[in-house]
Amino acid sequence: MLQVQNAIPFNRAPVVGRELELIREALEARRLAGDGPHTRWCQDRLKEALGAHQVLLTTSCTTALELAGLLCGLAPGDEVIMPSFTFVSTANAVVLRGARPVFVDVRPDTLNIDETLIEAAVTPRTRAIFPVHYAAVCAEMDAINAIATRHGLAVVEDAAQAIGASYKGRPAGTLGDMGCFSFHETKNVVSGEGGALALRDATHADRARILWEKGTNRTAFLLGQVDKYTWVDVGSSFLPSEITAAVLRAQLESAREIIDDRLRSWGFYHAALEDAEGAGLLRRPIVPDHCVHNAHIYYVLCGDRAQRDGLIGKFRSHGITASFHYIPLHSAPAGQRFGRTQGELTVTDDIAGRLLRLPLWYGMGEKAGRVVEILRRELGLPSL
Ligand SMILES: *Cc1c(COP(=O)(O)O)cnc(C)c1O
């Protein structure tokens, strides 16, 4: 069972610091529901790091996006512009409000929504733009915000992958009106399941807290601003328990260490595949100078789908899990049912078929060397 012994998983959740200690603290304090001290610590820490007006922890990025969809006031018939090359949650947040995702093609370099194609997708029913920061490289937010301002649209960043990333020196997640983060175990900083909604300014702050409190004015009540705690709006249970927040707190304390470690593996892959790109055998990720990423994903674009799928199989035979990524939403059954496309999504269809993600996780260390060795051999390149 040599293969199993040497197996390299695609992802391995980081456990780095005080997770158990902080969970124990919550248990011993008998403080387990949401909105306790661990939750507040995480929210304060994120608020400060992001320069946000307010941050609310959520049970996932999916629910953060749903909360954002509610705050945007999306209603049946409304349209929201987004890339098709994304996870289903970006679109579901819109569809759950009865609104329609409008899929626009992505840029061939960053694989983010092509900002030059957005304006052609705007109709009188458009309410918002939901850009996604793929691999934590930010979409072209200055251009996107300018279009939003011109047409009176909200901007919700799907920053699920982008904790610690920045654009022109500004943190991802507070570049638009709202930003949604994920702490799912496959992301950089994790709490099992988990997420956060960041608000750039005060516009939606009061209503966000009410919706987060299941549609009640509990916060105003706790602050002594009202003498009764009652149902005032729609809402749901968006908040995670203190156990989840305890894990997140430990991870946020170690976030720099996690990201730096991942950046080392990312940098190793990038350097080790430079000649492969030079020889035209694959394309490496492109990170514009004004974007700082967090090494969430290391991907290569293969020559074609057959080569990509062949490499996945070859890696598997060595016990290494490498992976494709999104099936473009516009080509999925629910995407066709609920969404529409703007123009041909040529780049999306092309890159989705050729993209290969290599294993990347905190603490993988020298294992990246084995991944590269196999990839180089398959490409007919000498070992390093
Ligand atoms: C991971 C991810 C999500 C969903 O995050 P959850 O926390 O699992 O709900 C949404 N959008 C993108 C782009 C993601 O990568």
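Order of listing sets the numbers, starting from 1, for every ligand and every atom in it.
At least one heavy atom of Tyr326 sits less than 4.0 Å from an atom of ligand 1.
Listed by first and then second residue, the salt bridge (charged side-chain N to carboxylate O under 4.0 Å, His left out) pairs involving residues 219-233 are Arg207-Asp233 (not counting sequence neighbours).
When the options Phe87, Phe181, Phe183 are ranked by their closest heavy atom to atom 3 (C) of ligand 1, first place goes to Phe87.
Among all non-hydrogen protein atoms, the one lying nearest atom 2 (C) of ligand 1 is Lys187 NZ, 2.9 Å. Scanning the protein for heavy atoms near atom 12 (C) of ligand 1, the closest one is Ala160 CB, 3.3 Å. Among all non-hydrogen protein atoms, the one lying nearest atom 15 (O) of ligand 1 is Gln161 NE2, 2.9 Å. Atom 11 (N) of ligand 1 has as its closest protein heavy atom Asp158 OD2, 2.8 Å.
Note: His290 and Tyr167 have perpendicular aromatic rings, judged against thresholds of 30 and 60 degrees for the angle between ring planes. In this pair, Tyr134 and Tyr299 present their aromatic rings tilted. The plane angle is within the 30 to 60° band. His325 and Phe85 have perpendicular rings, their planes meeting at more than 60° on a 0 to 90° scale where under 30° would count as parallel. Ring orientation note: the planes of Tyr298 and Tyr269 are tilted relative to one another, at an angle of 30° to 60°.
Numbered from 1 in the order shown, with element, the atoms of ligand 1 that lie under 4.0 Å from a heavy atom of Gly194 read 7 (O). If you number the atoms of ligand 1 from 1 as listed, the ones under 4.0 Å from a heavy atom of Val132 come out as 13 (C). Applying the 4.0 Å criterion to heavy atoms of Thr62 picks out, from ligand 1, the atoms 4 (C), 6 (P), 9 (O).
The ring of Trp266 has its center no closer than 6.0 angstrom to the ring center of His296.
For ligand 1, the polar-atom distance check finds an N/O of Ser182 within less than 3.5 Å of one of the ligand's N/O atoms.
With respect to the salt-bridge test (charged N to carboxylate O, under 4.0 angstrom), the residues Asp350 and Arg354 qualify.
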